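Predicted, not measured: the structure shown is a model, and the values here were computed from it. When reading the values below, keep in mind they use all heavy atoms of this one structure, side chains included, and skip hydrogens, waters and symmetry mates.
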Amino acid sequence: MTYFVTGATGFIGRFLVQSLLQRGKGTIYVLVRPKSVGKLDELREFWGKDSIKRVVPIKGDLAQPKLGVSKGDLTRLKGKVKHLFHLGAVYDIEASAEAMQKANIVGTEGALAFAEAVKAGCFHLVSSIAAAGLYRGTFTEDMFEEAEELDHPYHRTKHDSEALVRSNGRIPFRVYRPGIVVGHSQTGFIDKIDGPYYFFKALQRLRESWPR
């Protein structure tokens, strides 16, 4: 089985690649910006020795047509990618509207164009529960148009990027909507100190100031 992953160096992406490595013996192509190749090399220690041969970097850019992948690589990958996982996006709700538009909308357009160019078997979009906007109540996997209050650019761009995939009509697809991801559900592993984690140090100091 051959895979192609965007956003492989992100938090969810690194664990996805790890799972794909454990699943079989296929090749996993990952989109990387030329300046980020070093970060990919660092992750090989996390993924293990098997990743040296099986995780293959493909240089490109989310903001470019067809992900900025060269014609040579497009030709090389044509007909080989069975599953394309698109995780590349902006997940920071504090980012600028322009950054969200470029990563979430333009990036998804480029990923779809790339998928068509290489004749990918299935397009897997890692969207977000933010695609529901501020819908009140239970938003099920069968719902999409019911989204409400998409005024915030993060909600709007996640909803619109999902709409792009749903309306494509030429590539089989699957959509995943994770909620807020703060760490690994079993190990507690995190890749950055953010949000409530800043408070943990204060709790630690408070605990250490009291008798054991």
So, the side chain of [X] versus the backbone of [Y]: is there a donor-acceptor pair under 3.5 Å, distance only?
| X | Y | answer |
| --- | --- | --- |
| Gln64 | Leu62 | no |
| Ser70 | Asp73 | yes |
| Asn104 | Val90 | yes |
| Arg54 | Leu21 | yes |
| Ser96 | Ala99 | yes |
| Arg44 | Val55 | yes |
| Thr2 | Val81 | no |

Any link between [X] and [Y] through a network of hydrophobic side chains (Ile, Leu, Val, Met, Phe, Trp, Tyr) touching at under 4.5 Å?
| X | Y | result |
| --- | --- | --- |
| Val175 | Phe144 | no |
| Leu84 | Val69 | yes |
| Leu77 | Phe85 | no |
| Leu31 | Val126 | no |
| Leu67 | Val165 | yes |

Is the shortest heavy-atom distance from the side chain of [X] to the side chain of [Y] under 4.5 Å?
| X | Y | result |
| --- | --- | --- |
| His155 | His159 | no |
| Pro57 | Val37 | no |
| Val5 | Leu20 | yes |
| Glu146 | Phe139 | yes |
| Val56 | Val30 | no |
| Arg14 | Leu43 | yes |
| Gln101 | Thr157 | yes |
| His83 | Met1 | yes |

Heavy atoms of other groups near [X] [atom1], more than 12 under 6.0 Å:
| X | atom1 | result |
| --- | --- | --- |
| Gln204 | CD | yes |
| Glu141 | CD | no |
| Arg177 | CZ | yes |
| Glu208 | CD | yes |
| Arg23 | CZ | no |

Quick one: [atom1] on [X] to [atom2] on [Y], what's the gap to the nearest 0.5 Å?
| X | Y | atom1 | atom2 | value |
| --- | --- | --- | --- | --- |
| Tyr154 | Ser128 | OH | OG | 3.5 Å |
| Tyr176 | Ile129 | OH | CD1 | 15.5 Å |
| Asp50 | Lys25 | CG | NZ | 5.5 Å |
| Thr108 | Asp160 | OG1 | CG | 10.0 Å |
| Phe173 | Leu112 | CZ | CG | 10.5 Å |
| Ile12 | Ser19 | CD1 | OG | 11.5 Å |

Point to revise | ring-ring contact (aromatic ring centres under 6.0 Å, His included) contacts touching residues 15-49 (sequence neighbours left out) | key: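 Qualifying pairs: Phe11-Phe15, Phe15-Phe46, Phe15-His184, Phe15-Phe189.
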
For [X] and [Y], work out which heavy atoms get closest and say how close.
| X | Y | result |
| --- | --- | --- |
| Pro178 | Ser127 | CD-O, 3.5 Å |
| Pro34 | Gly60 | CD-O, 4.0 Å |
| Ser161 | Ile105 | N-CD1, 3.6 Å |
| Ala147 | Gly133 | CB-N, 4.5 Å |
| Ala95 | Met100 | O-CE, 3.3 Å |
| Glu149 | Leu134 | OE1-CD1, 3.5 Å |

Point to revise | Arg156 vs Asp151, side-chain contact (heavy atoms from CB on, under 4.5 Å): CA-CA, chis, key distance, verdict | key: CA-CA 6 Å; Arg156 177 181 54 77; Asp151 298 331; over 6 Å; no

Practice item. Kindly indicate, with the supporting measurements, whether the criterion side-chain contact (heavy atoms from CB on, under 4.5 Å) is fulfilled by Lys80 and Phe4. Key: CA-CA 10 Å; Lys80 293 183 178 180; Phe4 188 95; over 6 Å; no

Practice item. Check step by step if side-chain contact (heavy atoms from CB on, under 4.5 Å) holds for Val32 and Ile58. Key: CA-CA 6 Å; Val32 292; Ile58 297 294; over 6 Å; no

Practice item. Return yes if a side-chain donor-acceptor contact under 3.5 Å exists between His86 and His124, otherwise no. Key: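 The criterion, which ignores hydrogens and geometry beyond distance, is not satisfied for His124 and His86.
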
Practice item. State whether a side-chain donor-acceptor pair under 3.5 Å links Glu116 with Asn168. Key: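 Yes - a donor-acceptor pair under 3.5 Å links their side chains.
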
Exercise for review: Start with the C-alpha gap between Met143 and Thr138, add the side-chain angles, then the distance that decides, and say whether side-chain contact (heavy atoms from CB on, under 4.5 Å) holds.
Suggested key: CA-CA 10 Å; Met143 299 168 67; Thr138 301; over 6 Å; no

Check your understanding: Would you call Lys66-Glu109 a salt bridge at under 4.0 Å N-O?
Key ->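 No.
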
Practice item. Answer yes or no for Arg174 and Phe123: cation-pi contact, defined as NZ/CZ to six-membered ring centre under 6.0 Å and angle to ring axis within 45°. Key: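 No, cation not above the ring by the 6.0 Å, 45° rule.
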
Practice item. I would like to know whether Lys158 and Glu162 meet salt bridge (Lys or Arg N to Asp or Glu O under 4.0 Å); could you show each step before the answer? Key: CA-CA 6 Å; Lys158 296 307 291 184; Glu162 190 172 317; over 6 Å; no

